[in-house]
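The block underneath contains the structure these notes are about, expressed in structure tokens.
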Amino acid sequence: MGFWRRDPRSWDKGGDAGPVTEADLAVNDALQARLMAARPGYGWLSEESEADPARQDARRCFIIDPIDGTRAFIDGQEGFSHSLAVAQGDRIIAAVVHLPVPGLTYAAHADGPATLNGQPIRPSDAGIAGARVLTYRAVADPGHWRGAVPPFRREFRSSLAWRLCLAAEGRFDAALSLRAAWEWDIAAGSLIAERAGARVTDRRGQAMRFNSDRAQVDGLIVAGPRLHGALLDALV
């Protein structure tokens, strides 16, 4: 928060990787020092750290996005988050998505409920007509759909981790992406949504797997079971 709305230094990482700021790196360093000191045997996968193949040999691995929604952070908006997850093998077993400005903390672990500021959350039971779907403009391309584009309402938030949490708590009906998603963007949010009661898969309806070689998942569909099935059936 010492950097927010204080014109932090920022630059583009190149290769369509988007912007990064000095705040992203400072948060990454602080988290890595704190978490790896507490769990020295864990692997480490973060958007802002050099890739370490040894992470795949560890029984458990932290998967971290220090600031998810960096563009929102640079613009002085409130909708950025910190996304922290623990993978055991290829599954996420613990997760936190924290938005420091509005004071929102979503959390879950593999054997418990998903919560927002300590209170359980649930997804909506919406159908596809009129559903509020968090996604990007290109999803409306007719080429992605069997027949007509479904009549849902497209909305957007900069932080992908937060989009999954918003679907988990029912403030929106779904989060959808047909692009490959980096694991650090979705690892924490995927478990939170799953433990809330949403169905969470890649774009083809397959279970997500984490701590992979490429550190990517093939898109995502996150919604209550009824809407998830409708979206999956409608996609090419």
Of all heavy-atom pairs linking R153 and G130, the shortest is CD-O, 3.8 Å
Work out which heavy atom in L160 is nearest to a heavy atom in A181; give both atom names and the distance.
-> CD2-CB, 4.4 Å
Determine the interplanar angle of the H82 and H98 rings, folded into 0 to 90°, and report it as parallel if under 30°, tilted if 30 to 60°, perpendicular if over 60°.
-> parallel
Between atom [atom1] of [X] and atom [atom2] of [Y], what is the distance when rounded to the nearest 0.5 Å?
{"X": "E169", "Y": "T115", "atom1": "CD", "atom2": "OG1", "value": "11.0 Å"}
{"X": "I192", "Y": "Y106", "atom1": "CD1", "atom2": "OH", "value": "8.5 Å"}
{"X": "K13", "Y": "E47", "atom1": "NZ", "atom2": "CD", "value": "3.5 Å"}
{"X": "F172", "Y": "R132", "atom1": "CZ", "atom2": "CZ", "value": "4.0 Å"}
{"X": "S190", "Y": "R195", "atom1": "OG", "atom2": "CZ", "value": "12.0 Å"}
{"X": "T21", "Y": "F73", "atom1": "OG1", "atom2": "CZ", "value": "5.0 Å"}

Enumerate donor-acceptor pairs with a distance under 3.5 Å from any side-chain N or O in residues 223-236 to protein atoms, sequence neighbours excluded.
residue : atom : partner : partner atom : Å
R226    : NE   : D125    : O            : 3.3
R226    : NH2  : D125    : O            : 2.5
H228    : ND1  : R199    : NH1          : 3.3
H228    : NE2  : T201    : OG1          : 2.8
H228    : NE2  : I221    : O            : 3.4

Which one of T135, L176, V200, L164 satisfies the side-chain contact (heavy atoms from CB on, under 4.5 Å) criterion with L220?
-> L164
For atom [atom1] of [X], decide whether the heavy atoms of other residues, nucleotides or ligands shown that lie under 6.0 angstrom number more than 12.
{"X": "R34", "atom1": "CZ", "result": "no"}
{"X": "N117", "atom1": "CG", "result": "yes"}
{"X": "R154", "atom1": "CZ", "result": "yes"}

The complete set of salt bridge (charged side-chain N to carboxylate O under 4.0 Å, His left out) pairs with one or both residues in residues 57-77, sequence neighbours excluded, reads none
Are the ring centres of W145 and F152 closer than 6.0 Å?
-> yes
Path from [X] to [Y] over hydrophobic side-chain contacts below 4.5 Å:
{"X": "V96", "Y": "I121", "answer": "no"}
{"X": "L134", "Y": "L99", "answer": "yes"}
{"X": "M36", "Y": "I64", "answer": "yes"}

Any donor-acceptor pair under 3.5 Å linking the side chain of [X] with the backbone of [Y]?
{"X": "S212", "Y": "R209", "answer": "no"}
{"X": "E183", "Y": "V217", "answer": "no"}
{"X": "Y136", "Y": "L178", "answer": "yes"}
{"X": "E22", "Y": "R9", "answer": "yes"}
{"X": "W4", "Y": "E78", "answer": "no"}
{"X": "D141", "Y": "H144", "answer": "no"}

Which is it for L31 and W44 under the side-chain contact (heavy atoms from CB on, under 4.5 Å) test, yes or no, and what are the steps along the way?
-> CA-CA 11 Å; L31 288 174; W44 181 262; 4.2 Å; yes
Would you please say whether a donor-acceptor pair under 3.5 Å links the side chains of R204 and Q206?
-> no
Without hydrogens or angle criteria, can the side chains of D213 and Q56 be said to hold a donor-acceptor pair below 3.5 Å?
-> yes
Evaluation steps, side chain to side chain donor-acceptor pair (under 3.5 Å), between S49 and N28 | CA-CA 8 Å; S49 295; N28 186 69; 3.0 Å; yes
Output, in order, the C-alpha distance, side-chain angles, deciding distance and verdict of side-chain contact (heavy atoms from CB on, under 4.5 Å) for R157 and L166.
-> CA-CA 10 Å; R157 295 294 184 274; L166 288 166; 3.9 Å; yes
